Engineer: 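Questions regarding the structure given below will be posed in turn.
Indexing begins at 1, ligand by ligand and atom by atom, following the structure's order. From a predicted model like this one, the values you see are computed outputs, not experimental measurements.
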Amino acid sequence: MSSSDRHTDRPRGRVILFLGAPGSGKGTQSSRLSSTLGFPCLSTGEMLRSEARRNTPAGFRLRRLLNCGALVSDAMVCSVVRTTLTRDTLHAGIVLDGFPRTVQQAAWLDSLLADFGLPVPTVLHLCVSRTELLRRLTARRYCAVCGATYNGGLRCVNDGSALIERDDDAENVVLRRLAEFDRMSAPMIDYYSGRDYHQIDGEKHPDAIANNLLEIFEAKPLPRQVPDAAVLSTSYTIG
Ligand code: AMP
């Protein structure tokens with residue numbers, strides 16, 4: 001039986017989050033897990049990059065922000081995410097890549113899940129050393145046609161297009177993005193620790209990591225509902 005067969009009768013309504021520094025493999029592992037579990041995957045980085053490509057004043061402002069490696073405001077990210085996280089999409093199950101990134105976003109998500117009667121999210125934290133992150137990010141290239149990501153190389157194996165560097169993978173921008181992650185990660189880990197939170201060695205081969213992630217979901221009951229305290233502490237509203 002293949003791993004995807006084993007997961008087709010998985011209970012719905014599970015919200016899965018990936019935490020991890022830029023270059024930790026969130027994009028790769030979230031899309032693998034999403035196809036194995038049959039849940040859609042939402043990448044806030046992808047959504048914001050597509051907004052930033054618009055030739056509008058808002059698109060231009062967003063482009064400048066992404067290109068310098070700063071985080072987008074909680075209000076803007078939550079409002080972009082809210083358009084996708086409807087009661088139906090959440091009840092069907094979803095994998096989130098790159099959201100939440102701040103405690104305010106995490107509390108906002110808890111409040112949304114509680115409103116819809118959904119359990120706490122399952123949090124998968126990919127841990128990778130700084131040296132390895134820098135090595136990966138400076139080698140990272142992507143295909144502008146199909147979006148596939150590569151660790152070096154010149155041409156996309158899917159469509160033969162030239163591979164290019166993401167604007168925010170330039171070395172000075174990478175350092176800022178890593179610093180942003182360091183600033184936010186400890187409070188995020190504190191927020192989720194003691195809940196359905198799992199640290200995963202993100203330096204293994206991608207196939208081994210994908211297997212470790214699936215082991216977490218094997219015969220795992222749905223976690224309990226969002227605790228009242230987390231909901232009550234939420235005073236955040238979308239701007
Ligand atoms: P990523 O593709 O996840 O590395 O995200 C690329 C960029 O998008 C980040 O460096 C941030 O500028 C922005 N971004 C993505 N997700 C978020 C988020 N949840 N909160 C704030 N900014 C975000």
Engineer: Relative to each other, are the rings of Phe99 and Trp108 parallel, tilted or perpendicular (30° and 60° limits)?
Structural biologist: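 The rings of Phe99 and Trp108 stand perpendicular, inter-plane angle above 60°.
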Engineer: Does any N/O atom on Gln105 come nearer than 3.5 Å to any N/O atom on ligand 1?
Structural biologist: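 N/O-N/O distance below 3.5 Å exists for this pair.
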Engineer: Under 3.5 Å, N or O to N or O, is Ala70 touching ligand 1 that way?
Structural biologist: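 Yes, there is a polar N/O contact under 3.5 Å.
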Engineer: Which atoms of ligand 1 sit under 4.0 Å from any heavy atom of Arg166?
Structural biologist: 1 (P), 2 (O), 4 (O), 6 (C)
Engineer: Side chains of Glu171 and Thr138: is there a donor and an acceptor less than 3.5 Å apart?
Structural biologist: no
Engineer: Heavy-atom contact under 4.0 Å between Pro22 and ligand 1?
Structural biologist: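 Judged by the 4.0 Å heavy-atom criterion, Pro22 does not count as contacting ligand 1.
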Engineer: At a 4.0 Å threshold, what atoms of ligand 1 neighbour a non-hydrogen atom of Arg177?
Structural biologist: 4 (O), 10 (O)
Engineer: For the pair Glu180 and Arg177, find out whether any cationic side-chain nitrogen is under 4.0 Å from an anionic carboxylate oxygen.
Structural biologist: no
Engineer: For ligand 1 and Arg49, I'd like to know whether there is a polar contact (N/O to N/O, distance under 3.5 Å).
Structural biologist: yes
Engineer: With a cutoff of 4.0 Å, is Glu180 in contact with ligand 1, counting heavy atoms of the residue only?
Structural biologist: no
Engineer: Does any N or O atom in Thr44 lie less than 3.5 angstrom from one in ligand 1, N or O only?
Structural biologist: yes
Engineer: Report yes or no: does a heavy atom of Arg176 sit under 4.0 Å from some atom of ligand 1?
Structural biologist: no
Engineer: Compute the shortest N/O to N/O distance between Gly98 and ligand 1 and return yes if it is under 3.5 Å, no if not.
Structural biologist: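 So ligand 1 has an N or O lying under 3.5 Å from an N or O of Gly98.
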Engineer: Do any N/O atoms on Asp97 end up under 3.5 angstrom from N/O atoms on ligand 1?
Structural biologist: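 N/O-N/O distance below 3.5 Å does not exist for this pair.
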Engineer: Nearest 0.5 Å please: distance from the CG atom of Leu126 over to the NZ atom of Lys204.
Structural biologist: 11.5 Å
Engineer: Using only heavy-atom distances, determine whether the side chains of Thr89 and Thr86 contain a donor-acceptor pair under 3.5 Å.
Structural biologist: yes
Engineer: So is there a nitrogen or oxygen of Val72 less than 3.5 Å from a nitrogen or oxygen in ligand 1?
Structural biologist: yes
